[in-house]
Structures are given as structure tokens and as C-alpha cells.
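Note sheet for the following structure.
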Number of protein chains: 2
Amino acid sequence: MKFEVVTIKDIAQALGISTSTVSRALRDSYEISPQTKQMVLECAERLNYRPNPIALSLKERRSRSIGIVVCEIANNFFSQVINGVESIAYDRGYNVIISQSRESCEREFIDLQYLASRSVDGLLISLSTETTDISQLKTLHAKGLPIVFFDRISEEIDTHKVVLDNFKGSYDATEHLIRNGHHRIAVLTNSAYLSITSGRIAGFKEAMHAHGLPLDENYIQHCAYGGMVFEEVEEAINRLLSLPDKPDAIFATSDKLTTGTLKTLKRRGIHIPTDISIVGFSNSEIAELIGPPLTVVRQPAFEMGQVATELLLRVIESKRPVTQFETKVLQPELFIRESVLQRSSS
Amino acid sequence: MKFEVVTIKDIAQALGISTSTVSRALRDSYEISPQTKQMVLECAERLNYRPNPIALSLKERRSRSIGIVVCEIANNFFSQVINGVESIAYDRGYNVIISQSRESCEREFIDLQYLASRSVDGLLISLSTETTDISQLKTLHAKGLPIVFFDRISEEIDTHKVVLDNFKGSYDATEHLIRNGHHRIAVLTNSAYLSITSGRIAGFKEAMHAHGLPLDENYIQHCAYGGMVFEEVEEAINRLLSLPDKPDAIFATSDKLTTGTLKTLKRRGIHIPTDISIVGFSNSEIAELIGPPLTVVRQPAFEMGQVATELLLRVIESKRPVTQFETKVLQPELFIRESVLQRSSS
DNA sequence: TAAGGTTCCGGGATCGTTGTCGGGAACGAT
DNA sequence: ATCGTTCCCGACAACGATCCCGGAACCTTA
């Protein structure tokens with residue numbers, strides 16, 4: 001099942017010249033005569049020669065490819081980020097290798113090992129929910145692998161980061177609920193270890209505080225797998241709904257959690273927004289098609305991918321080691337639709 | 001920005017032995033004494049040695065990776081296929097390199113070139129809408145690159161194929177509409193060049209025919225970019241709705257077309273199913289959350305990815321050239337929900 | 001004691017490409 | 001006639017790993 005390829009050697013042999021000459025002719029070196037160049041170029045064309053990037057990677061120790069690790073591609077937010085990444089990388093001649101951690105730190109470990117050994121020139125990563133130990137990333141970074149964090153970052157590594165203004169997204173969503181007369185607002189969120197979680201919780205709490213509303217920790221539910229497993233969302237919702245003082249609104253702080261919440265409520269026959277109001281983070285283009293159209297916090301995912309890639313390529317292509325790093329904060333947008341009831345405010 | 005790595009040479013030097021010995025010790029060769037093996041293994045562990053797969057790829061002309069080309073990953077069907085692919089490939093020690101053609105044959109061409117030069121051991125592909133010329137794939141296949149088609153296939157290459165029973169999916173959906181009293185059924189479908197289109201159109205026509213209903217070609221609308229650009233769907237729907245004899249149902253034959261249709265109707269304030277009934281192909285997990293819950297044809301996407309990968313790996317790992325190819329046909333499932341009105345049948 | 005067998009290990013080629021070095025030919029200048 | 005340039009081009013090493021050879025050291029047996 002081998003797969004014969006034309007090499008520089010074949011051209012050299014066909015033309016009776018050395019491989020060095022062929023190599024230089026193809027790279028349009030000044031020390032090759034125009035005639036020879038012409039000859040080589042024609043021969044290369046005729047034999048349909050394609051340079052072998054593997055040999056090049058081995059020699060140059062770079063692959064003109066970047067790796068991206070996300071928890072899941074079947075997620076609107078991340079697939080949009082990836083599109084943003086590709087839109088930039090593609091133009092700059094880089095290929096993108098996509099890896100899914102499936103929210104498992106073990107998978108993430110293996111993915112990283114693969115990407116590193118594959119000589120990616122740089123890495124984009126949004127950490128998995130499970131990840132608490134980032135020593136592997138630290139090692140890679142220390143060895144000189146350019147890394148840019150996006151979305152779910154780690155403060156333990158000093159490098160470029162691109163994040164959402166999680167606080168604001170959360171604050172706005174919560175305030176929208178409060179302004180519509182909701183006081184008992186529950187939050188469904190990710191693992192507390194995740195960087196995005198603290199900001200989103202803080203925004204929520206601050207909004208409650210600003211409006212003089214009490215906080216009840218029972219109203220804050222964490223989903224360890226970020227909604228990857230539906231059951232954990234279902235259980236969290238059930239816990240919320242069996243609380244003595246039932247919430248009048250649920251705020252889901254991620255794409256997966258939002259759809260999980262909707263699915264659970266649907267199955268339990270709970271009507272939105274008359275029975276309960278919903279606001280959720282969502283980058284799904286069909287959020288507006290849901291019954292009722294969903295009020296959402298939308299992240300600039302495509303842009304996040306672009307910005308992160310720009311930063312990464314800047315590090316990769318920098319001549320001297322980069323030591324000044326920045327953290328870019330992108331703004332979320334609140335799309336107000338019909339999943340929040342206008343309650344007679346007290 | 002180089003990135004120092006430990007090689008077999010470093011181990012050899014540290015231990016004062018040859019690289020051959022190190023190599024064999026690591027591969028647990030019989031001709032290395034237990035003591036030496038122990039020594040090498042310990043040293044490798046200590047230096048955190050990782051074999052360089054690029055060097056291996058160069059030497060062995062295989063990369064233990066397979067390529068997959070889809071039009072778009074931000075599409076439920078394809079992201080589920082990819083998950084199926086990974087679930088198998090991962091267990092068998094293969095890595096998956098994902099490429100998006102974005103329905104452009106030019107991008108597809110470049111993707112293929114990249115994957116081929118990257119020495120993928122095999123290829124999974126669902127053709128882009130634009131693709132009419134598959135000479136590049138033919139060449140690669142002729143050179144010995146194992147290829148398995150899935151979803152959107154080409155009959156011009158003799159190799160394994162995994163497809164949906166498009167005819168049945170379409171027939172069932174159409175029949176469901178007919179049984180509910182719809183007679184003027186419009187179809188929104190892909191480019192006529194696509195393999196999936198003919199089967200889906202045929203299923204529709206046969207169902208109409210079987211129930212003695214007339215066919216009006218004006219009711220069949222093709223979207224050249226398969227719904228990738230929203231406007232083409234919008235225009236197609238508008239054309240349908242401005243027909244003198246307006247359809248009483250629309251059948252959308254792909255994921256993107258379905259969401260495009262819903263979005264258009266929503267914007268025009270047309271109510272489903274009272275104004276018009278809808279059935280669509282969809283693998284979205286939130287089809288049931290839409291207002292109203294959508295009646296859909298669902299494809300076994302995950303399974304399709306698994307089956308295609310199994311077939312591909314079988315070819316890759318086969319000792320002698322494979323000449324017997326099969327085409328696996330997977331069955332769709334019709335999920336009946338509330339987007340089809342029960343009309344008083346005439 | 002010499003011939004033949006094991007056991008264990010090193011040298012070198014190889015994969016495709018590039019870069020360093022050097023060298024031959026042609027030409028003009030001395 | 002000799003030297004110095006310039007213009008082209010080839011030989012060789014290198015990147016990291018594997019594998020075919022070959023060979024030293026030791027043991028067995030005639």
C-alpha cells in the first residue's frame with residue numbers, strides 16, 4: 001500500500017544533474033543559470049513534483065501548522081472559533097490541526113503530546129473542565145512552544161490570552177432578568193475550577209448585589225462536565241426545581257448547559273417563560289428558532305479565533321523571544337428575545 | 001523559537017553507547033541485554049524522551065494519521081460523523097486530521113494536496129457541492145492512497161463507500177406529509193451534481209407517484225451552495241411562496257437547508273405548521289426544542305463515521321492490495337414531531 | 001587448539017530536503 | 001603565463017529514527 005512519490009532525486013536523475021541543483025533551481029536561487037532553472041521547472045511540472053513537507057519539517061523543525069485543542073467541535077461556540085482560526089491561518093500559509101479533549105484531562109494530555117511531537121509551530125488551547133494540572137503545558141511552554149490561551153485560560157502561564165468579558169456577559173444577563181421582575185435567579189454553570197466560571201459567577205453576584213437581591217448558594221449549580229453529559233444538567237435542574245423556594249429564572253452560562261436546560265424543561269413539560277424564564281449563553285444560530293426564541297448572551301467566537309491566531313502567529317514568527325504578553329478581552333452581546341417573562345415587579 | 005527535544009542521540013551520548021543500541025533497546029529487541037535495556041529505559045524516562053513521529057513518517061512513509069475532508073464542521077451531521085471517526089481511529093492509534101472544504105472545490109483541492117503531502121495513510125471524504133472534477137482524487141487513489149467515500153460519494157472511483165439510504169429517508173418523509181393530507185409538497189435540495197441529491201429527489205418523486213400525486217418541477221428548488229449561504233435558501237423559499245399555487249409543505253433535504261428554511265419562515269412571520277408544514281433532514285439535537293418541535297429525518301452520523309473508518313483502516317492495514325470494495329447503506333430514521341399539520345385530507 | 005555458535009553491540013545507509021563547502025570552467029587583467 | 005573573479009554546479013552532512021551488516025567477545029565442541 002505504499003504510495004510512490006516524485007522526489008527531487010527523480011528530477012535530478014531524469015536530468016542528469018545533482019539534487020542540490022534541483023533544490024536550488026526550485027527555490028529560484030541566484031546561483032543557478034536561467035536555462036537550468038527552466039529545465040528543472042519544466043521537469044518538475046511534468047513529473048508533478050510536490051515537495052515533501054515531512055522531510056522539511058524534520059530538517060527545519062517547523063511544520064507550518066498550528067494545533068488547536070478544544071473540548072468538543074460539535075459545539076457552536078468552538079466550531080465558530082475554529083472557523084475564525086482557519087480564516088487567519090489559511091491566509092498565512094499555516095495548517096490547523098484540530099484536537100478534541102472531550103472535557104477529559106487525560107485526552108487533553110494525549111492530544112498535547114501528539115501535537116507537540118508533531119512539531120506544531122504553536123498551540124491554541126481552551127482547557128478542559130477536568131484540567132487542574134497544567135504542568136505539561138508549562139513544560140511545553142518553557143521548552144519554547146508558543147501557546148495562546150483562549151476562552152478557558154490558566155493564569156499560571158504567562159502568555160497571550162484571549163477571553164470574553166465574562167463578568168459583563170453575566171452581569172447583563174442577570175440584570176435583564178432582574179429588570180423583568182425576577183428575584184429568585186438560579187445559575188447553572190461549569191466546574192468552579194474553570195477560568196470562565198469565576199467571572200461569570202462574579203458578574204451574576206454583582207448584579208444581584210447591585211439590585212439589593214439576596215444570594216442563595218443553593219441557586220448556584222455546577223456541572224462538572226460542562227453539560228457534555230446530559231444527565232448532570234438534568235439532575236442539576238431537578239435539584240433547582242425541587243428547592244422549597246423555586247427559582248423564577250434560570251441563567252445557563254454556556255452553550256451546552258443552555259441546550260441541556262431547555263431539553264430538561266421540555267421533557268418535564270415546563271413552559272418557558274410562563275413557568276420559568278431562561279437566559280443562556282449560546283452561539284447557536286437557531287436560538288431564535290426555539291420555542292420561545294431564546295434570550296442569549298452571544299460570544300464573538302469567530303473573532304476570538306481570529307484574535308488568538310493573530311497573536312499566536314506573531315509569537316511564532318517573531319525573531320527574538322517574546323516576553324511581553326497581553327490579554328485581550330472581547331465583549332459579549334445580549335440578544336433579547338422571548339424567553340424571559342415580564343413579571344409585575346414588586 | 002526553536003524548541004529543544006530529546007533524541008535517541010542524546011540518550012546514546014549520555015550512556016556512551018550507539019544510537020542503534022538505544023533504538024533497539026527502546027523497541028525491546030531480543031538482541032539487547034536486559035541490563036542495557038534497563039539502563040536505556042531509565043535514561044529515556046529521565047530525559048523525558050519522546051520519539052519523533054516526523055522522522056518516523058519520513059522513514060516509514062506512513063504517518064499513522066488519516067485525513068477527513070468535509071464541507072463544514074459547524075454542521076451537526078458532519079461533527080457527529082467526525083466524532084464517529086475519532087472514536088474508532090483513536091482506539092487504533094491513528095490521528096485524525098480534519099479539513100473543511102467550505103463547499104469550494106478549490107479549497108477541497110488544496111486540502112487534498114495538503115493531506116496527501118502530509119502522508120496521511122488514508123482518506124475519508126464527503127465531496128463539496130462544487131466538485132465535478134475528481135481527477136485529483138483519482139490520481140491519488142491510483143497512486144495507492146486508500147480512500148473511503150461517505151455521504152456525498154462519487155461513482156467514478158471504485159472504492160469503499162458509506163451512504164445513507166437517501167431514497168428511503170426522502171420517501172418516508174414525503175409519505176408522512178402525504179398521509180397528513182399534503183398534496184402540494186415543495187422540496188428544497190442541494191446541487192443536482194451531488195450524489196445525495198438524486199437519491200433524495202428520487203425518493204420524493206416515487207412517494208408522490210405511489211400516492212398518485214402530480215409532480216411540478218417548480219416545486220423542486222436547488223441550492224447551489226447547500227445552504228452555506230443563507231440568501232440562496234431565502235430566495236428559494238421566496239420563489240416557492242410566490243408560486244401561483246403555493247405549496248402546503250416544504251421538505252428540506254439537508255441540515256443547513258432545514259435551518260435556513262426555518263429562519264426564512266420565521267423572518268417572514270409564517271407560522272409552522274398552520275401556514276405551512278415542514279419536514280427536514282436534521283441531526284441537530286435541539287430540533288425538538290424548536291417552535292414547533294421539528295419532524296426530521298435523522299441520519300446515523302456517528303455510525304457512518306465509525307463504519308467508514310473501519311473500512312478505511314481495513315484497507316490501510318491490509319497486506320495485499322484490496323480490490324473488492326463494498327458500499328454500505330445506512331438507514332435513516334424519521335422522528336415525527338409537530339411541524340406537520342394534520343390536514344383534513346380531501 | 002581451531003572451528004563454529006551465541007550474544008550483544010556499533011557502523012553506516014536510508015527516507016527527502018537544504019545548506020555549507022568546495023571546485024572546475026571561462027574570462028579578463030596583469 | 002599566471003592570478004583573481006565570477007558563474008555554475010556537485011559532494012557531503014544533517015535532521016531523527018530504523019535496520020541491515022558485520023564484528024568482537026565469549027562459549028561450546030571436536
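So you know, we letter chains A, B, ... as the sequences are listed, proteins then strands, and number each from 1. Heavy atoms only: backbone and side chains are in, while hydrogens, waters and symmetry mates are out. Computed from a prediction, not measured in an experiment: that's the story for all the values here.
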OH (B:Y94) and CD1 (B:I66) are apart, to the nearest 0.5 Å, by 8.5 Å
Answer yes or no: is there an ion pair linking B:E310 with B:R92, defined by an N-O contact shorter than 4.0 Å? yes
query = Does a side-chain N-to-carboxylate-O contact under 4.0 Å join B:R107 and B:E130?
reply = no
Of the listed D:dC9, C:dG16, D:dA17, the closest approach to the A:T36 side chain comes from D:dC9
(Q) Applying a 4.0 Å non-hydrogen cut-off, can you work out what B:S20 is touching in the nucleic acid: base, sugar-phosphate, or nothing? (A) base
If you look at every strand shown and take non-hydrogen atoms under 4.0 Å, does B:I54 touch a base, only sugar-phosphate, or nothing?
-> nothing
Per nearest nucleotide of DNA chain D, the residue lying toward the 5' end, A:T19 or A:Q35, is A:Q35
Below 3.5 Å, does any donor atom in the side chain of B:E31 face an acceptor in the base of C:dC9, or the other way round? yes
Rounded to whole Å, the CD-P distance (A:E60 to C:dT20) equals 12 Å
Taken to the nearest whole Å, CD1/A:I8 to P/C:dG16 is 11 Å
Closest to the side chain of B:N52, out of C:dC9, D:dG16, C:dT17, is D:dG16
Taken to the nearest whole Å, CZ/A:R64 to P/C:dT18 is 14 Å
Per atom distances to the B:S18 side chain, the nearest of C:dG16, C:dG11, D:dG10 is C:dG11
| task | Would you mind checking if B:K161 and B:E155 are paired as a salt bridge, meaning a charged N to carboxylate O distance below 4.0 Å? | result | yes
Original post:
So what does A:L58 touch, heavy atoms closer than 4.0 Å: a base, only the sugar-phosphate, or nothing?
Top reply: base
Whole-Å distance, B:K9 NZ to D:dA14 P, equals 7 Å
From OH of A:Y49 across to C1' of C:dG16 the rounded distance in Å is 7 Å
Whole-Å distance, A:R24 CZ to D:dC9 P, equals 9 Å
Original post:
Base, sugar-phosphate, or nothing for A:S57, non-hydrogen atoms under 4.0 angstrom?
Top reply: nothing
What does B:L56 touch in the nucleic acid at a heavy-atom separation under 4.0 angstrom: a base, only the sugar-phosphate, or nothing?
sugar-phosphate
**Request:** Would you mind classifying the nucleic acid contact of A:T7 as base, sugar-phosphate or nothing, using non-hydrogen atoms under 4.0 angstrom?
**Result:** sugar-phosphate
Per atom distances to the B:R61 side chain, the nearest of D:dA17, C:dT18, C:dC15 is C:dC15
Sidechain N-carboxylate O distance under 4.0 Å for B:K37, B:D28: yes
